[in-house]
Structure formats: structure tokens, C-alpha cells
Amino acid sequence: MVSSHFRNILLKLGIPEERLSVLEGKGGLVEDEFEGIRYVRFRDSAKGFRRGTVAFENGDVVLGFPHIKRIVQLENGIRRVFRNKPFYVEEKVDGYNVRVVKVRDKVLAITRGGFVCPFTTERVEDFINFDFFRDYPNLVLAGEMAGPESPYLVEGPPYVKEDIQFFLFDIQEKGGGKSLSVEERLKLAEEYGIPHVEVFGVYDRRRIDDLYDLIEMLHSERREGIVMKSPNMKRIAKYVTPYANINDIRIGSHIFFDLPHGYFMQRIKRLAFYLAEKHVKGEEFDEYAKALGKALLRPFVESIHEVANSGEVEEVFTVRVKNITTAHKMMTHFEGLGVKIHIEDIEDLKNGYWRITFKRVYPDATREIRELWNGLAF
Ligand code: ATP
């Protein structure tokens, strides 16, 4: 149940009483707290408030980050989304989404699901100049946290060699969630020295060959893809490289039974559309086919061996924290997500940071492999 204080806030935001009760009944609204700041998280969308929306006790609201349309046929996708109009092309950085916002006197980092993330909240001051929030308390910085030392992802982009970094890609207003234009965002990022995703320039559909070249380049550099945005941020579309599709499959096949089949099918589909659009043939085609097959099979077979040898399906993560208590807060945070974590190692880096190594175990995937390996017939 949401307390009467939050009920009033949500009613004031225009969510009808009945809707609120239905949502509560389904567990769609969850009250939570971070270091004394109370908030309500939307697990489902409700009347313009997307999933991941957060309403704070002081009435501040941060809307859930919107879904970005995906295109799989680059040329035709661009024609449908942007027609003949120009659009900015930015890098799609491979990490996790955070919305950074100042509530009362604290700067908080919110995950896509609407949790205040203890790890990101502690680290965000390392990347963002907080003068920004002094001058613009009403704005939300949305960006990607990416790097090899991330609590949520096993890999980061190739150019983040250690630790983790923040890359800005959107600035939105609190409450209504309206995005600033790309130009306004770039200007503020520059003014406050906030690291930004790489901007490759302004393109339009007549420059499709340059975009194909850009995708080839990103693919060969093992980067995830691009996000295309009209200057006023009204039209946005994403497109990922064949590298990212195959790499996601490779990472996913390690925990094969823990992912929905659609995870693999979607990526195979995107790769097929790339190969078809680019008319990839002959040796190059064979290379893709081999890479896909290996990505699907090798980590899967390795996991089977691991379990057959009495091990478990697991992933290992390392993160840098300033306070060990943050690592414990992360444990609680993961518990809340229903994720099983073990801290394996805590190392004092002697520079004000601790390196925490933890293991995420996948009990369901492990059990499923074990049963099949042990001869379960069905
Ligand atoms: P959805 O389908 O709702 O967009 P998803 O998790 O399936 O969500 P992804 O395929 O990961 O989405 O792509 C969207 C995400 O890409 C964004 O939520 C954001 O975190 C991330 N991203 C990375 N770089 C950018 C960028 N330059 N502009 C916008 N988003 C970016």
C-alpha cells in the first residue's frame, strides 16, 4: 500500500483514484526509500507515467525513460522515421541507463526500473559536475553508465579500459519529461564539462552510404551502434551493429536458460536483416555464419561443462566503491530485484576506493542444465 502522503501526490499528478487502486492492487506502485528520501516507483505505466517513473516525497517526479524505436533495415527505417529531414547521429553506448536528478539536497541516480541505485548514486559525482544541478535543479540528466566494472553488465565498450564512466545522451525536464533540443544539450554538456556520447554529425537519408561506412567502422571497433535523433528530439531511432548482435548472443548463451528465447531470436533477426540489406555473400557471409554459430554454442557448451563438473552457472562482476557500506547496499538492492549475489573479494585500492568482486549465480539455469545432464527425459 502506498501511504496517504504519496496517494495525495499521485492524485495531484492527475492519476484517477480508481486507477491508483487498481495499480496498487497489482503491485504496480512500490514505495521505497534511499538514505532518508522516500519515493514511489512505477512498475507499470499509468496515464502518461511510464514504467520506471519515480515520484519523490517532495513532489518531484522523474518520468520513466522512453522506449526508443528500433530499425533493422537502415535505409528504409530512416526513410520512414525521418523522411528527408536531417538528424543527429550519436553513438549508442553499451551500458546501463541512468537518470540523474537532484532531490532536496541530494543528487540521485535512478535505474531504468525506477530504483535509486546505491552504487551509481555514490559514484556519479566522479563524472558529473554538480554545479549543473545548482543552476538547473529542474533538469534530469539521462545517460549511459558503461565500462568493464559495472554492477549490471559483464562488458563495457572497448574504449572504457577500466572502471566505469558516464555518457550523457538526453536532458529532460522534471515532471513533464520534455527533452531539451540536441543543440541545447550539447551546449550545456560543454559548458559544465559533462561527458557526452560521441556525436558523429548531422546526416539525412541522402547520406546513407556515409552511414553504412559509419556502421562498418563501429562494427570493426566492437561498438554497439547508433541512435539517430531529430534536432528537436521528437523523432528518435536506434540501430545496432552486427558485432553487437553477435556479441549479445555470445554473452547471453552463457546463461541460455535464464533468458527468454526471444532474446536470441531478435538478435538473429537483426543480423539477418543486416546481411540481406548489405547483400553480404561468399566468404564474408560464411564468416558471419561461423561467428553466429560459435556465439550461440560455445558459451552454452562451456556452461554445461561447468555444471557437469559440479559448478554453477554464474557471472563475475567487479565494481569500485568509496564506502564498503555501498557494497552492502547493493546486496540489498539486488535482493530486492530477486537476484542472487555473493561477495567474493574486497580489495583496498589505497586511493579512496575499494574494489568489490561479486558473483551472480543463476540457480534456475544451473538446475535445468543439471537435470538435463543427469539424463532427465521429457
Ligand atoms: P527500449 O526498447 O525501451 O528502448 P531496451 O533496453 O531494449 O529499451 P536498448 O536496445 O538497450 O533498449 O536501447 C535503448 C537504450 O540505449 C536507452 O535506454 C539508453 O540507455 C541506451 N543508449 C545508449 N546510448 C544512447 C544514446 N546516444 N541515446 C539514447 N539512448 C542511448
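Here the structure is a predicted model, which is why all the values come from computation and not from measurement. Atoms within a ligand are numbered from 1 in the order they appear, just like the ligands themselves. The first residue of the sequence shown is numbered 1, and numbering continues consecutively from there.
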Asn247-Glu155 side chain donor-acceptor pair, cut-off 3.5 Å: yes

Note: Glu57-Arg104 ion pair, threshold 4.0 Å (strictly below): yes

Ring-face cation contact, Phe115 with Arg41, 6.0 Å cut, 45° max: yes

Ring centres under 6.0 angstrom apart (Tyr362, Phe256): no

Polar side chain donor-acceptor pair, Tyr212 to Glu277, under 3.5 angstrom: yes

Near ligand 1, at a heavy-atom separation below 4.0 Å: residues by chain and residue number: Phe65, His67, Ile68, Arg70, Glu90, Glu91, Lys92, Val93, Asn97, Arg112, Glu144, Phe169, Val197, Val227, Lys229, Lys238

Test applied, salt bridge (Lys or Arg N to Asp or Glu O under 4.0 Å); reference residue, Arg185; option that passes from Glu191, Glu190, Glu90: Glu90

